[in-house]
Amino acid sequence: MTKTVAILAGDGIGPEIVTEAVKVLKTLQVSFGLDVQLEEGLIGGAAIDVTGVPLPPETLNLGKRADAILLGAVGGPKWEPLERDIRPERGLLAIRAELGLFANLRPALLFPELANASTLKPEVVAGLDILIVRELTGGIYFGKPRGIRILDNGQREGFNTLVYNEAEIERIARVAFDSAEKRNKKVCSVDKANVLESTELWREVVTRVAKDYPSVSLSHMYVDNAAMQLVRNPKQFDVIVTTNMFGDILSDLASQLTGSIGMLPSASLDANNKGMYEPIHGSAPDIAGQNCANPLATILSVAMMLRYSLGQMELADQVESAVQQVLKDGLRTPDIKSDDNKQTLVSTQEMGDAVVAVLRAKL
Ligand code: NAD
């Protein structure tokens with residue numbers, strides 16, 4: 001049966017990188033028999049400009065109807081002066097919440113060809129393969145009450161609430177343990193249980209869930225130590241499971257282990273593996289419109305979509321190996337280029353074309 005994929009390009013470099021990922025999807029459609037129908041929608045600043053809101057009802061309906069969503073990125077300086085409630089980023093938080101996309105899977109995989117692109121020594125990062133499982137629809141980004149209030153003395157006070165219930169913790173823990181069973185069978189749960197009661201409960205529930213997964217070993221780590229360990233000895237980790245905000249921060253940190261934020265894809269899944277797929281980076285306004293953004297994180301997000309939501313494991317492998325091939329061939333966008341003269345500097349569009357060419361050559 002034909003599956004529907006919603007294409008939400010968003011802002012900044014979003015349209016440029018999504019164009020390249022769509023080229024890959026269309027190649028799979030035309031040449032590899034992938035039975036999908038692509039439907040475009042507006043989100044973020046692009047949606048605000050046309051409709052006044054960051055997540056118009058048509059886009060939400062498209063998201064609900066679709067089997068999977070491919071998203072570029074949202075946000076940019078143009079929309080920063082707007083009221084917080086109608087800023088582009090609110091559209092993203094809203095679609096994640098409305099679709100119940102509670103499990104954010106962020107692999108940090110170092111392609112051997114990029115070992116020198118990391119700021120860390122190659123021996124520290126070579127062979128790195130971590131999966132960060134971030135809770136996405138709870139915690140401090142959603143907790144209420146929240147806001148900025150005026151105190152009796154006239155000063156303003158900003159406040160947010162970090163809240164997790166047992167069911168929310170249990171379901172994300174299960175995603176982490178299920179993933180670890182298919183990998184190296186290690187879960188490290190990251191919290192701040194020494195200071196925050198909500199993560200004291202987090203630790204207790206994760207420990208309880210672990211009993212259902214006897215083949216997986218569980219460890220716990222405070223977030224400050226985890227940040228240090230990720231830089232000191234990242235290869236000690238297999239699956240990391242953590243809260244919304246800690247996961248947000250640690251996965252950006254992990255991106256640098258792999259060379260560039262432009263290489264890292266992500267999947268945000270609901271309880272039935274319907275998902276939204278997006279690079280972990282933002283809209284990069286500093287390089288938008290210059291045809292120099294790295295589209296590989298978005299193309300690798302297509303691979304995750306094929307694997308998790310479209311049930312096309314073989315095509316997912318093909319896309320990932322095509323990405324590896326273009327890196328082997330020495331093609332580099334500026335973010336991953338070193339001064340090795342065997343490398344060729346390419347544009348966003350040329351990188352997308354190269355991946356498509358490798359895929360076509362496999363026919
Ligand atoms: P960012 O991820 O957009 O950019 C950080 C740095 O990484 C920049 O120097 C940028 O040029 C570079 N970079 C990012 N993606 C790249 C790519 N594919 N290729 C090459 N270089 C790349 O983060 P930021 O600058 O903090 O945020 C910019 C805007 O994006 C803000 O409005 C922010 O709210 C938004 N944002 C959106 C998302 C999302 O849509 N999921 C995530 C994070 C930030």
Side-chain angles (χ1 to χ4, degrees), residues 96 102-110 118-121 124-125 127-144 146 158-181 183-258 261 264 266 268 280:
R96 288 170 178 166
F102 70 92
N104 188 213
L105 272 49
R106 297 183 159 205
L109 178 83
L110 181 75
S118 174
T119 46
L120 274 78
K121 295 186 193 120
V124 175
V125 291
L128 185 80
D129 182 3
I130 301 175
L131 178 67
I132 298 186
V133 177
R134 166 188 170 195
E135 201 290 326
L136 201 60
T137 53
I140 198 162
Y141 290 0
F142 289 92
K144 290 194 176 137
R146 62 187 295 158
F159 58 100
N160 293 87
T161 305
L162 173 53
V163 54
Y164 272 115
N165 65 44
E166 287 185 281
E168 285 173 310
I169 303 168
E170 177 164 345
R171 67 181 182 176
I172 193 72
R174 290 198 182 280
V175 172
F177 285 108
D178 286 338
S179 304
E181 275 187 331
R183 296 171 44 100
N184 289 326
K185 302 192 169 29
K186 286 197 295 181
V187 169
C188 178
S189 172
V190 171
D191 60 40
K192 191 72 183 168
N194 50 342
V195 178
L196 301 170
E197 286 81 355
S198 48
T199 67
E200 195 181 318
L201 180 68
W202 175 282
R203 187 175 280 222
E204 196 186 303
V205 174
V206 173
T207 305
R208 189 177 75 214
V209 173
K211 298 203 170 73
D212 295 339
Y213 297 85
S215 67
V216 178
S217 73
L218 170 67
S219 60
H220 301 277
M221 206 177 268
Y222 297 137
V223 63
D224 38 354
N225 185 23
M228 183 181 76
Q229 295 297 338
L230 269 170
V231 179
R232 197 183 71 85
N233 176 19
K235 284 190 270 182
Q236 70 184 286
F237 296 107
D238 176 25
V239 175
I240 292 176
V241 62
T242 191
T243 63
N244 201 342
M245 183 165 71
F246 295 163
D248 191 5
I249 298 166
L250 292 181
S251 55
D252 267 32
L253 192 160
S255 76
Q256 274 314 299
L257 306 174
T258 69
I261 199 165
L264 291 197
S266 78
S268 306
I280 77 156

For Asp129, all residues meeting salt bridge (charged side-chain N to carboxylate O under 4.0 Å, His left out), sequence neighbours excluded: Arg183
Taking the side chain from [X] and the backbone from [Y], do they hold a donor-acceptor pair closer than 3.5 Å?
X      : Y      : answer
Arg146 : Tyr141 : yes
Thr199 : Lys192 : yes
Thr242 : Val190 : yes
Ser189 : His220 : no

Tell me the closest heavy-atom pair linking [X] and [Y], and the distance in Å.
X      : Y      : answer
Arg171 : Thr137 : NH2-OG1, 3.4 Å
Cys188 : Phe237 : SG-CE2, 3.9 Å
Val206 : Ala173 : CG2-CB, 4.2 Å
Ile132 : Ala254 : CD1-CB, 3.9 Å
Gly138 : Asn244 : O-ND2, 3.0 Å
Asp238 : Asn184 : OD2-N, 2.9 Å

Looking at Gln236, I'd like to know if its CD atom is crowded, meaning that more than 12 non-hydrogen atoms belonging to other residues, nucleotides or ligands lie closer than 6.0 Å. yes
Side chains of [X] and [Y]: does their closest heavy-atom pair fall under 4.5 Å?
X      : Y      : value
Leu131 : Leu105 : yes
Glu181 : Tyr213 : yes
Val175 : Phe102 : yes

Leu110 and Leu257: CA distance, side-chain angles, deciding distance, side-chain contact (heavy atoms from CB on, under 4.5 Å) verdict: CA-CA 8 Å; Leu110 181 75; Leu257 306 174; over 6 Å; no
Value rounded to 0.5 Å, distance of [atom1] in [X] from [atom2] in [Y]:
X      : Y      : atom1 : atom2 : result
Leu196 : Ile140 : CG    : CD1   : 8.5 Å
Ile130 : Leu230 : CD1   : CG    : 5.5 Å
Asp248 : Glu135 : CG    : CD    : 12.0 Å
Ser251 : Leu264 : OG    : CG    : 8.0 Å
Met221 : Phe246 : CE    : CZ    : 14.0 Å
Lys185 : Leu218 : NZ    : CG    : 15.5 Å

Below 4.0 angstrom, N of the basic side chain to O of the carboxylate: do Glu204 and Arg208 qualify? no
Given Asp212 and Phe177, is the side-chain contact (heavy atoms from CB on, under 4.5 Å) satisfied, shown in steps? CA-CA 9 Å; Asp212 295 339; Phe177 285 108; over 6 Å; no
Pick out which of Thr243, Leu201, Asp191 makes a side chain to side chain contact (heavy atoms under 4.5 Å, CB included) with Ile169. Leu201
